[in-house]
Amino acid sequence: MSDKIRVTTPIVEIDGDEMTRIMWQMVKEKLLLPYMDINAEYYDLGLKKRDETDDQVTVDAAHAIMKYGVGVKCATITPNAARVDEYGLKKQWSSPNGTIRGILDGTVFRAPILVNNIHPFVRTWKKPIHIGRHAYGDVYKNQEIKVPGPGTGELVFTPRDGSEPIRKVIQEFETPGILQGIHNTVPSIRSFAVSCFTYALDQKIDLWFSTKDTISKTYDAEFRKIFDEEYEANWKEKFDDAGIEYFFTLIDDAVARIMKSEGGMLWACKNYDGDVMSDMLASANGSLAMMTSVLVSPHGYFEYEAAHGTVQKHYYKHLEGEPTSTNSMALIFAWTGCLKKRAELDETPNVADFAKKVEEASIETVESGVMPGDLMKVADPDPKNRQVSTEEFIDAIKDNLEKKL
Ligand code: NAP
Ligand code: MG
């Protein structure tokens with residue numbers, strides 16, 4: 001095969017860490033580069049490189065997505081104290097995803113990859129539950145103080161027009177303690193709402209939104225108010241015509257209802273709720289490695305990634321020379337999602353067609369019983385099921401892909 005499929009516009013390729021970095025290389029070498037001519041604009045967000053560049057490389061990667069529109073990202077380590085020691089870091093760099101989301105704004109949508117031999121743990125779930133995570137602000141862009149002893153913790157806003165600051169006492173401390181300040185902005189919440197209504201209408205699914213506005217009467221209440229306004233002003237008619245609903249409820253009630261629902265809705269969550277609930281949904285659908293993730297910016301930028309992290313434990317096994325059986329499905333779907341979006345924007349149907357074949361080959365591989373260890377634990381029992389190694393799984397997908405070309 002000499003005629004490779006050309007991807008005309010550069011793809012912003014963001015490499016990462018540990019086991020996902022190993023799989024990233026395999027996916028590219030085995031499933032993509034033999035068949036495609038990809039003009040990649042490569043950013044190495046491996047932790048070493050972030051440390052060497054004082055994290056500039058992360059900012060550059062985000063700006064490249066702003067330039068070209070579409071990127072694909074490998075999982076990256078968010079350093080904690082242990083990582084600072086392990087990698088001898090200059091400092092505890094911020095979460096790369098947080099940095100990129102801070103620059104691009106937007107909403108992260110996640111949906112499970114469904115295969116016919118794995119059923120969700122929640123028996124009532126018949127359809128995929130999509131989750132939309134607000135990807136800006138809150139605890140991900142906070143300031144924190146470790147309170148050393150007695151004193152006053154305050155929240156202060158200083159207007160730029162020179163008028164009186166607004167102050168509120170958070171706590172009169174009599175003992176050591178902790179303090180946290182978080183924020184969000186009206187434009188970001190509004191674009192979150194717009195992204196969610198757009199996605200739900202596009203997919204023809206109900207939109208559920210949840211906050212804790214009974215407790216957080218200003219902060220969370222503002223989210224609810226903006227969603228309500230946006231719905232009434234711009235979406236009610238369209239939703240009625242499409243036969244779908246917008247439904248607001250408290251976060252705890254939403255969790256309770258989701259567990260008893262049939263699925264098939266977009267669940268819009270604030271940043272932290274989305275972080276936690278998307279991992280719960282992913283694992284209830286079989287494995288974290290069966291969850292796709294895309295950051296949709298209101299400015300028209302898209303970043304595709306896997307929902308899981310760098311799979312550190314498997315990487316340490318790999319370093320010990322032990323065989324691993326790590327699941328590359330979500331990484332593969334990050335690449336195909338990115339290629340399909342690129343194809344849509346470039347109007348190159350042959351690129352989309354190839355991406356679809358890679359997805360089909362991946363799904364058929366699992367459905368044929370060839371799967372990594374995480375799926376063996378959750379797939380319908382079948383004598384033909386066979387656990388394969390990280391690399392064998394990708395090779396098996398390649399065999400199935402070859403049959404389609
Ligand atoms: P993780 O990498 O998602 O892995 C947690 C566990 O989930 C694994 O130990 C494994 O379970 C299972 N798992 C996840 N992905 C899998 C896959 N592809 N195939 C098979 N099993 C999989 O989360 P973590 O261990 O908490 O975090 C590791 C690092 O990832 C951290 O440094 C964190 O900062 C980073 N992280 C990055 C992102 C991102 O870049 N988007 C997101 C989350 C975390 P078993 O060990 O039981 O097999
Ligand atoms: Mg999470």
Side-chain angles (χ1 to χ4, degrees), residues 14-24 26-27 43-48 50-51 55 58 61-62 71-87 89 92-101 104 108-110 112-113 118 133 135 140 271-272 274-295 303-320 322-335 337 362 366 371-379 387-394 397:
I14 305 177
D15 209 343
D17 290 300
E18 300 194 312
M19 203 59 207
T20 40
R21 188 180 180 98
I22 308 255
M23 292 194 290
W24 189 260
M26 288 179 188
V27 166
Y43 292 86
D44 183 0
L45 262 59
L47 187 48
K48 254 204 200 121
R50 278 182 274 148
D51 196 52
D55 211 23
T58 306
V72 57
K73 180 179 170 293
C74 184
T76 46
I77 293 169
T78 297
N80 53 17
R83 299 298 200 163
V84 173
D85 290 344
E86 184 184 350
Y87 284 80
L89 302 179
Q92 207 168 308
W93 303 106
S94 312
S95 147
N97 284 12
T99 303
I100 294 170
R101 283 173 206 152
L104 301 182
V108 175
F109 293 99
R110 289 179 172 181
I113 302 163
I118 297 175
R133 171 181 173 188
Y140 301 85
N271 210 347
Y272 178 82
D275 185 348
V276 176
M277 290 305 157
S278 58
D279 284 1
M280 187 271 285
L281 285 176
S283 95
N285 275 293
S287 162
L288 267 182
M290 297 298 275
M291 193 75 149
T292 63
S293 180
V294 55
L295 174 71
E303 184 204 39
Y304 294 82
E305 64 165 345
H308 60 77
T310 60
V311 212
Q312 181 183 13
K313 282 191 217 140
H314 295 209
Y315 180 61
Y316 289 169
K317 270 175 71 182
H318 170 81
L319 289 182
E320 298 279 305
E322 281 182 53
T324 56
S325 181
T326 316
N327 189 339
S328 47
M329 286 293 270
L331 277 189
I332 293 169
F333 276 69
W335 270 101
S362 307
V366 176
M371 56 187 93
D374 59 327
L375 300 187
M376 285 295 283
K377 292 182 206 145
V378 293
Q387 177 170 329
V388 290
S389 72
T390 308
E391 188 160 13
E392 284 166 347
F393 182 59
I394 297 172
I397 294 173

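Any value given below was found using the heavy atoms of this structure, including those in side chains, with hydrogens, waters and symmetry copies removed. Counting begins at 1 with the first residue of the sequence. Note that the structure is predicted; figures quoted are calculated from it, not measured. In listed order, ligands and their atoms are each counted from 1.
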> Around atom OH of Tyr87, are there more than 12 heavy atoms of other residues, nucleotides or ligands at under 6.0 Å?
Replying inline: yes
> Going through the checks in order, is the side-chain contact (heavy atoms from CB on, under 4.5 Å) test met by Asn97 and Lys73?
Replying inline: CA-CA 9 Å; Asn97 284 12; Lys73 180 179 170 293; 2.7 Å; yes
Below 4.0 Å, non-hydrogen atoms only: which portion of [X] touches ligand 1? Side chain, backbone, both or neither.
X	answer
His308	both
Asp17	neither
Leu288	side chain

Could you tell me whether a side-chain N or O of [X] sits under 3.5 Å from a main-chain N or O of [Y], the two making a donor and an acceptor?
X	Y	result
Arg50	Asp55	no
Asp17	Leu47	yes
Thr390	Thr326	yes

> Between the side chains of Gln312 and Tyr316, is a donor N or O closer than 3.5 angstrom to an acceptor N or O?
Replying inline: yes
>> Looking only at side-chain N and O atoms, does Ser94 offer a donor or acceptor that is under 3.5 Å from a partner on Thr99?
In response: no
> Taking the non-hydrogen atoms of His314, is any one of them nearer than 4.0 angstrom to ligand 1?
Replying inline: yes
>> Does the residue Arg83 have a heavy-atom contact with ligand 1, meaning some pair of atoms that are separated by less than 4.0 Å?
In response: yes
Going by the order shown, which atoms of ligand 1 are within less than 4.0 Å of some heavy atom of [X]?
X	answer
Lys73	40 (O)
Thr78	32 (O), 34 (O)
Ala75	40 (O)
Gly309	1 (P), 2 (O), 3 (O), 30 (O), 36 (N), 37 (C), 38 (C), 42 (C), 43 (C), 44 (C)
Ala289	17 (C), 18 (N), 19 (N)

>> Testing the basics here: between Cys74 and Gly16, what is the closest heavy-atom pair and its distance to 0.1 Å?
In response: CB-N, 3.4 Å
> Nearest non-hydrogen atom to atom 8 (C) of ligand 1 belongs to which of Val311, Leu47, Thr390?
Replying inline: Val311
>> I want to confirm something. Looking only at heavy atoms, which of Thr76, Asn327, Thr20, Thr310 is nearest to atom 37 (C) of ligand 1?
In response: Thr76
>> So for ligand 1, is Thr326 a polar contact partner (N or O within less than 3.5 Å, distance only)?
In response: no
> Taking both backbone and side-chain atoms of Ser287, is any N or O found less than 3.5 Å from an N or O belonging to ligand 1?
Replying inline: no
> Heavy atoms, side chains only, cut-off 4.5 Å: are Lys313 and Thr324 in contact?
Replying inline: no
